[in-house]
> 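Submitted below is the structure of interest, expressed as structure tokens.
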Amino acid sequence: TAFITRILSALARSRPADGEWELSLGVAGARTSLLPSAPAQHSDPVPAGERCVWKLAGDALGFSPGVFTQSNPGLCEALVAEVHESAGTGRELLDAFCGAGLFTLGLARRFGHVTALESNPAAVLDLRANLAAADLAKVEVVERRFEHGWQRAARATQSVNQSPVMGLPPRPFSILR
């Protein structure tokens with residue numbers, strides 16, 4: 001579209017420094033970010049003004065440069081609704097590979113307790129900020145790689161994983177136990 005062309009043209013004119021760049025479009029408009037060469041540490045949160053924010057399913061979902069999220073915000077509303085409907089409601093749920101909380105925020109409103117498992121420190125910082133902004137305290141955030149954190153989180157009776165993205169079987173805990 002003409003809008004994307006204008007953004008890409010402006011990016012090309014800006015002659016960014018060498019490195020990996022990310023172009024993002026959120027409620028505050030388009031912006032470019034130079035991705036960090038090393039993952040964020042717990043003591044290095046990205047300032048709120050540098051996070052991209054999407055309005056999605058009634059929440060503001062912020063994510064830092066380099067943190068994975070679905071790439072098409074226009075389709076995310078339908079995707080989030082489908083995941084929430086498919087998960088249903090219940091006592092406990094595990095959201096594996098939760099990222100900044102695309103599914104986690106709404107699932108926390110549908111379940112008594114949610115365990116959110118994520119290994120990327122920057123995504124964990126974003127998730128914690130998104131949970132705080134949504135005033136959702138009943139989510140236990142576990143910062144570990146799946147293969148090291150699933151046992152701690154295995155008490156969840158239901159699980160949501162992104163098997164199309166990660167290639168996991170639909171019911172990882174029944175297989176891994």
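Source: prediction; values computed, not measured.
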> Assess the residue pair Asp95 and Thr115 against the criterion (side-chain contact (heavy atoms from CB on, under 4.5 Å)); give the C-alpha distance rounded to whole Å, side-chain angles, the decisive distance to 0.1 Å, and a yes or no.
CA-CA 6 Å; Asp95 185 0; Thr115 301; over 6 Å; no
> Can you check whether Leu79 reaches Phe103 side chain to side chain, under 4.5 Å on heavy atoms?
yes
> Under 4.5 Å between any side-chain heavy atoms of His113 and Arg91, yes or no?
no
> For Phe97 and Phe146, take the angle between the two ring planes, folded into 0 to 90°, and tell me which bin it lands in: parallel under 30, tilted 30 to 60, perpendicular over 60.
parallel
> Would you give the length of the straight line joining atom CD of Glu77 to atom CG of Leu56, rounded to the nearest 0.5 angstrom?
5.0 Å
> Heavy atoms, side chains only, cut-off 4.5 Å: are Arg51 and Leu61 in contact?
no
> Looking only at heavy atoms, what is the nearest atom pair of Ala116 and Cys98, with distance?
CB-SG, 3.6 Å
> Taking all non-hydrogen atoms of both residues, which atom of Gly88 and which atom of Arg110 are closest, and how far apart?
O-NE, 3.0 Å
> As an exercise, state the distance from CG of Leu127 to CG of Leu102, rounded to the nearest 0.5 Å.
11.0 Å
> Got a second to check how far Arg128's CZ is from Glu143's CD, nearest 0.5 Å?
7.0 Å
> With rounding to the nearest 0.5 Å, note down the distance linking CZ in Arg109 to OG1 in Thr89.
15.0 Å
> Write down the atom of Val80, the atom of Ala57, and the distance for their closest heavy-atom approach.
CG1-CB, 4.2 Å
> Between Lys138 and Ala108, is there a donor-acceptor pair closer than 3.5 Å when you use the side chain of the first and the backbone of the second?
yes
> Using atom types as modelled and distance alone, determine if a side-chain donor or acceptor of Asn130 lies under 3.5 Å from a backbone N or O of Gly101.
no
> Working to the nearest 0.5 Å, report the span between CG of Asp59 and CG of Leu105.
4.5 Å
> Scan side-chain atoms only and decide if Arg145 and Asn120 contain a donor-acceptor pair under the 3.5 Å cut-off.
no
> Checking Phe68 against Phe63 for the side-chain contact (heavy atoms from CB on, under 4.5 Å) test, could you report, in this order, the C-alpha distance in whole Å, the side-chain angles of both residues, the deciding distance, and whether it holds?
CA-CA 8 Å; Phe68 174 82; Phe63 53 95; over 6 Å; no
> Of the non-hydrogen atoms in Phe111 and Ala87, which two are nearest, and what is the gap between them?
CZ-O, 3.4 Å
> Are side-chain heavy atoms of Leu117 and Arg144 found at a separation under 4.5 Å?
yes
> Would you please test Glu118 and Val141 for side-chain contact (heavy atoms from CB on, under 4.5 Å) and show each step?
CA-CA 8 Å; Glu118 175 57 51; Val141 179; 5.9 Å; no
